[in-house]
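This is the structure I want to talk about, given as structure tokens.
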Amino acid sequence: MQNPLMLMIPGPTPVPESVLLASARPPISHRSSEFRTLMAEITAHLKWLHQTQNDVLILASSGTGAMEAGIINFLSPGDRVLVGCNGKFGDRWADVCDQFGLETEQIKAPWGQPLDPEVFRHHLEADQHRQIKAVVLTHSETSTGVLNDLEAIIYHIKAHGQALSIVDAVTSLGVCPVPMDEWGLDVVVSASQKGYRMPPGLGFVAVSSRAWHAYTTAQFPRFYLDLGKCRQDAVANTTPFTPPVNLFFALQASLRMMKAEGFTRLFSHQQGLMQATRAALRALELPLLVTDDAIASPAVTAIIPDRVDPELLRSQLQQQHGVVIAAGQDQMRGKLIRIGHLGYVCDRDILTTIAALETTLIHLGCPCLPGIGIQAASNHFAKLPSSS
Ligand code: PMP
């Protein structure tokens, strides 16, 4: 059997064998008591992951489907919304909002820079008649590896008093804290192929009571993505339409695993992977797009290689070593590479990736001291408490 490629991209991520095996069984009826028991456990664990007492609803969709559901269930045509744009996924929010005829105002920051909470404050304070209906933004911007200061921005949204917060936590949930209730988030969307350590196929939308209140007057047509229907059925531990039951088995297994690990270990593990990766890349003198560690996403690190063609580096890594890393997107296409370190990734995966990167750099004629990246990463791991 051919060895599978090693996925070091920001989703789909590596998936534990136990999670894959959990899904490898005959499907069950979604109208059976066995399914209802499964759904009850999953729902309780999803609430744990979101740190919330609110509803967390499951869709058979990718993350973008969950984003669309997060808009059409709570807003109406012509509503005024602020959209944070500092990368591809902030731009995607703006596209979704534009497509549905919302009146969007973009709050921008250059790619690689974080959104400025003060600019949100300024816009929200200036809205004296409280016409802004929602602030829509991305927590971990996967296209650049920036972690936006969600908590600070939410503070200003709450001070406004009217606007809902609609948040893409697609590459932050399960990777770093997203305490929905403590921060007072209204709508939180995520997807299975990221921090959940699962294959692609499920989208999630967590909804606050304020957002449910907005749902009652929201005017967009909706059918498959009607979260009210999902909520009604979720109360009885079922779903309005046929769910991908085998993915639900996988979700049950992955959430059990995450819960057993607990937040402290889960998040410190992700931090450790990010820090070791960044230490190695710095030692290799590969320029980081996000230079400030305080705003670096624990999900993905972007590099702008200045001595070698990024696409050549990426293709050589895959061809010679079977390590798959991601390319730049949109305006960064051909300019950067991205290493994903979320999901079921361990220290060994980082060390392997860095070793392959070093070897490829040398092969492509980029001078670098053999072993210098590995040394930096392993020094970092050696300092961390053992995760066993
Ligand atoms: N938001 C973010 C932050 C993402 O990283 C992604 C996927 N890379 C999406 C949204 C879209 O998710 P999907 O491709 O599952 O539709």
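All ligand and atom numbering here is 1-based and tracks the order in the structure. Residue numbers count from 1 along this sequence. Keep in mind it's a predicted model, so treat the numbers as computed, not measured.
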Regarding Asn246 and Ser23, do their side chains bring together a donor and an acceptor under 3.5 Å, going by distance alone? no
Considering only NZ, NE, NH1 and NH2 on the basic side and carboxylate oxygens on the acidic side, decide whether Arg282 and Asp293 come within less than 4.0 Å. yes
Taking side-chain hydrogen bond (donor to acceptor under 3.5 Å, both in side chains) as the test, write out the residues that go with Tyr215, two or more places apart.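 Testing Tyr215 for side-chain hydrogen bond (donor to acceptor under 3.5 Å, both in side chains), a comparison that skips the adjacent residues, returns Asp226.
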Determine whether the side chains of Thr142 and Thr171 contain a donor N or O and an acceptor N or O closer than 3.5 Å.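 On atom types as modelled, these side chains qualify, holding a pair under 3.5 Å.
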Whether the Asp233 and Thr239 side chains hold a donor-acceptor pair (N or O, under 3.5 Å, no angle test) is what I'd like checked. no
Atom-level proximity to ligand 1, residues with heavy atom under 4.0 Å: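 Within 4.0 Å of ligand 1, protein side: Ser62, Gly63, Thr64, Met67, Phe89, Arg92, Thr138, Ser140, Thr142, Asp168, Val170, Thr171, Gln193, Lys194.
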Is there a donor-acceptor pair closer than 3.5 Å between any side-chain N or O of Thr144 and the backbone N or O of Gly87?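 The answer is no, because no donor-acceptor pair under 3.5 Å joins these two groups.
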